[in-house]
Protein chains: 4
Amino acid sequence: MNNLNTNMTHAGRPRDEAAKSAIMTATMTLLKDFKFANLTIERIAKEAGVGKATIYRWWGSKENLLLETFLDTADDHVVFNQEAPLLDDFKQVIVELTVVLDSALGRALITAILEDRDLLDQFHQRFFEPRRQQASQLLRRGIDDGLIKADINIDVVLDMLFGDVYMNVFFYGKALDTASIDVILTSFMKGIMI
Amino acid sequence: MNNLNTNMTHAGRPRDEAAKSAIMTATMTLLKDFKFANLTIERIAKEAGVGKATIYRWWGSKENLLLETFLDTADDHVVFNQEAPLLDDFKQVIVELTVVLDSALGRALITAILEDRDLLDQFHQRFFEPRRQQASQLLRRGIDDGLIKADINIDVVLDMLFGDVYMNVFFYGKALDTASIDVILTSFMKGIMI
Amino acid sequence: MNNLNTNMTHAGRPRDEAAKSAIMTATMTLLKDFKFANLTIERIAKEAGVGKATIYRWWGSKENLLLETFLDTADDHVVFNQEAPLLDDFKQVIVELTVVLDSALGRALITAILEDRDLLDQFHQRFFEPRRQQASQLLRRGIDDGLIKADINIDVVLDMLFGDVYMNVFFYGKALDTASIDVILTSFMKGIMI
Amino acid sequence: MNNLNTNMTHAGRPRDEAAKSAIMTATMTLLKDFKFANLTIERIAKEAGVGKATIYRWWGSKENLLLETFLDTADDHVVFNQEAPLLDDFKQVIVELTVVLDSALGRALITAILEDRDLLDQFHQRFFEPRRQQASQLLRRGIDDGLIKADINIDVVLDMLFGDVYMNVFFYGKALDTASIDVILTSFMKGIMI
DNA sequence: GGATAAGCGAGACGGTACGTCCCGTCTTCCT
DNA sequence: AGGAAGACGGGACGTACCGTCTCGCTTATCC
């Protein structure tokens with residue numbers, strides 16, 4: 001199996017994990033001062049105290065580096081609790097999603113994604129879809145429990161909810177505060193609850 | 001006033017309108033082959049048969065050129081009819097919005113906007129807000145006419161609707177077809193109609 | 001004719017002669033500290049206060065730059081007087097040749113020539129052959145004047161003379177002083193004079 | 001004494017002679033396709049199927065590797081017979097010298113020598129001087145035997161002869177054929193023989 | 001015969017330089 | 001004064017090698 005090979009040792013000097021994390025840290029640091037288009041591999045390498053080739057060796061492009069760095073910090077967040085009450089669970093996830101997206105890293109990633117189909121696919125597969133599946137399940141359980149109208153189109157309904165979050169972060173350039181999230185969720189629920 | 005000067009004649013040779021439109025045309029043409037980050041002033045100048053300085057003289061930056069080119073082609077579209085039935089009017093606007101955004105020009109503009117606060121403000125002021133105002137008025141009239149629930153939060157509700165459009169275009173990378181728009185609008189209306 | 005076009009003005013900004021001479025000066029300066037293999041375009045550009053592209057624009061390679069710089073400073077020297085007595089004329093040319101070759105510029109050029117057939121051809125055509133022709137004429141005149149044996153092979157004889165100069169400069173790493181040149185010329189003449 | 005240690009056994013794995021000769025072979029092979037400046041340690045290592053460190057361990061630099069490789073193949077050649085007639089002995093040595101120098105290895109070595117004083121010294125000590133001493137002895141014996149003029153300056157005379165060989169190989173880029181060598185030697189002898 | 005030492009191929013490391021592309025500015029001549 | 005052409009100083013690209021350094025492994029001597 002391939003998975004077994006993943007941990008196999010290779011000939012030659014093994015990669016330097018300290019360099020890897022220095023590069024990711026530098027990427028995050030520099031994104032506070034530079035927009036993605038002005039973030040250069042050369043600057044990252046310098047900031048990380050690393051040769052350019054080391055970055056190209058492991059990520060191949062600025063875009064891949066960005067995605068990995070994002071997932072590395074974001075993957076533990078934006079997770080549905082599955083046991084909290086439906087509304088609370090959604091609320092917490094939206095708050096976390098807002099925080100993760102409305103960061104230098106998040107904004108840069110979205111920028112990159114809009115210009116790069118491959119990156120978009122990677123992002124969907126590794127970040128977006130898993131969370132969408134969970135939200136979907138949650139709504140289905142709400143329907144089973146008789147809390148939510150049975151005739152809603154789950155996909156459309158979720159796109160509206162999360163689309164709203166994205167719009168606020170990216171189109172109005174503002175993160176949502178807790179109060180706004182309450183307003184949004186209330187409007188949202190009003191339309192779908194029994 | 002500045003506006004008065006706009007039509008004033010100056011000493012020296014006047015601006016060459018042919019060059020202006022050649023530049024905009026070249027911009028649109030090249031965006032079919034290059035993403036915004038790879039679209040260079042030098043390439044545009046060459047494609048348009050124009051000196052680089054001419055572009056810098058009139059637009060100052062790639063971003064401004066992009067916005068002007070977008071508005072030049074998009075400004076006549078995405079306009080509410082105001083006389084058609086509410087649902088039809090929304091539907092037509094969403095179709096046009098989808099078409100305009102899901103183009104090389106539209107996608108490039110959004111990309112640029114996400115990285116450029118000034119450009120975002122310009123885009124809001126000159127494209128987004130006027131249309132949002134119209135949609136807002138439309139909903140208010142619907143409320144007055146007793147078609148739509150009086151207790152909705154108009155801003156939130158519009159963000160959900162348009163946010164959904166944006167999500168589909170940018171996050172799923174697909175333009176909405178007519179059938180999908182019907183589904184979205186139906187879901188949307190179900191939540192807000194009396 | 002092509003020659004006429006050479007002086008024709010072109011569209012666009014003309015090349016900056018100050019940059020040209022700054023680059024050549026920098027090349028000569030840096031060759032005092034670096035051997036040719038360690039002389040980098042980047043260092044020359046920095047020393048000359050010039051962009052790398054300017055160097056590549058006009059010379060295309062380090063080798064070409066070197067040759068032009070050499071010819072620029074060496075072309076006025078190593079010229080036969082044609083009126084001085086035969087021996088004096090040869091002597092003066094050998095002194096000048098020694099000086100020109102035993103310089104940072106000269107040594108670097110020879111190094112480059114040994115690795116680069118095209119450069120060798122250029123060097124022959126633009127520096128070596130004209131001088132060889134003159135030396136050849138001089139010997140022929142010496143034969144006509146009854147000063148030099150008529151049965152010598154001029155080519156072989158000249159190669160021996162100049163080969164000796166080259167050997168001393170490059171193989172023994174020492175420039176010839178006036179006394180040595182006297183010794184060489186005496187030996188040389190002894191073999192060919194009547 | 002140090003010399004005694006040369007054959008002493010050490011702890012640890014002994015040097016791999018197969019690797020040594022693979023490296024030298026690779027050096028010679030690659031010099032057919034690459035000039036010395038473009039011959040890289042990395043390429044040699046790959047061609048020889050060897051780690052880079054092995055090369056640095058034993059030679060320390062590209063220049064040293066080159067010299068050792070040259071001596072390894074050239075040291076048996078260019079040797080005066082000492083018993084053949086004077087002219088034949090010189091002739092044979094010049095032929096062999098020409099062959100050895102006009103090879104990828106020989107040309108590369110001269111290139112390297114011109115840029116590297118240490119290498120020049122090594123080359124003189126280990127290749128050039130021994131042969132020059134022999135040529136010198138030969139001429140002295142010729143003088144003793146009354147074959148050669150007693151008043152020649154042996155050093156100058158030899159530099160002229162060998163300088164000519166070098167000039168032809170390096171400056172005209174052509175090896176000498178047997179006929180040319182005859183011409184040269186005839187001219188040479190005419191000047192020095194009684 | 002187990003410990004120690006050095007050599008080996010592989011290949012990652014921090015760097016330097018490559019030759020190219022583009023930046024935004026400038027300098028020429030022409031309209 | 002605008003415009004096309006194109007050179008300018010500068011910065012970054014992605015690649016190739018530098019000489020050094022870990023790895024796991026092999027092959028020797030030493031105790």
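Below, all heavy atoms of this structure are taken into account, side chains as well, without hydrogens, waters or symmetry copies. Chain identifiers are assigned alphabetically (A, B, ...) following the order of the sequence lines, protein sequences preceding nucleic acid strands; residue numbering begins at 1 within each chain.
Smallest separation of non-hydrogen atoms from B/I113 and B/L119: N-CD2, 4.0 Å. Nearest approach of A/F70 to A/L105, heavy atoms of both residues: CA-CD2, 3.8 Å.
For DNA chain F, the neighbouring residues in residues 48-63 of chain A, judged by any heavy atom under 4.0 Å, are A/K52, A/Y56. Within a heavy-atom distance below 4.0 Å of DNA chain F, the residues of residues 22-46 of chain A found are A/T40, A/I41, A/E42, A/R43.
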Report, one line per pair, each donor and acceptor closer than 3.5 Å where one atom sits in a side chain of residues 40-63 of chain C; sequence neighbours left out.
| residue | atom | partner | partner atom | Å |
| --- | --- | --- | --- | --- |
| C/T40 | OG1 | C/R43 | N | 3.1 |
| C/E42 | OE2 | C/K52 | NZ | 2.8 |
| C/S61 | OG | C/E63 | N | 3.4 |
| C/S61 | OG | C/N64 | N | 3.2 |
| C/K62 | NZ | C/F36 | O | 2.9 |
| C/K62 | NZ | C/L39 | O | 3.1 |

Side-chain donor-acceptor pairs under 3.5 Å in residues 17-34 of chain D, sequence neighbours left out?
| residue | atom | partner | partner atom | Å |
| --- | --- | --- | --- | --- |
| D/S21 | OG | D/A18 | O | 3.3 |
| D/T25 | OG1 | D/S21 | O | 2.8 |
| D/T27 | OG1 | D/I23 | O | 2.8 |
| D/T29 | OG1 | D/T25 | O | 2.8 |

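Distance CG (A/D16) to P (F/dT22): 10 Å, rounded to an integer number of Å. Here E/dG24 presents its C1' atom at 15 Å from CG of B/L65, a figure rounded to the nearest Å. Atom CD of D/E17 is separated from atom P of F/dT27 by 16 Å (rounded to the nearest Å).
Residues satisfying the salt bridge (Lys or Arg N to Asp or Glu O under 4.0 Å) criterion with A/D75, sequence neighbours excluded, are A/R131.
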Atom pairs under 3.5 Å: protein N/O with N/O of nucleotides 29-31 of chain E:
| residue | atom | partner | partner atom | Å |
| --- | --- | --- | --- | --- |
| E/dT31 | O2 | B/R13 | NH1 | 3.4 |

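Atoms CD1 and CZ, from B/I110 and B/F123 in turn, are 4.5 Å apart once rounded to the nearest 0.5 Å.
The nucleotide whose nearest atom lies closest to any side-chain atom of C/P14 is, among E/dT28, E/dC13, F/dT27, E/dT28.
Within the structure, side chain to side chain donor-acceptor pair (under 3.5 Å) contacts touching residues 105-123 of chain C (residues at least two apart or in different chains) are C/D102-C/R107, C/Q122-C/R126.
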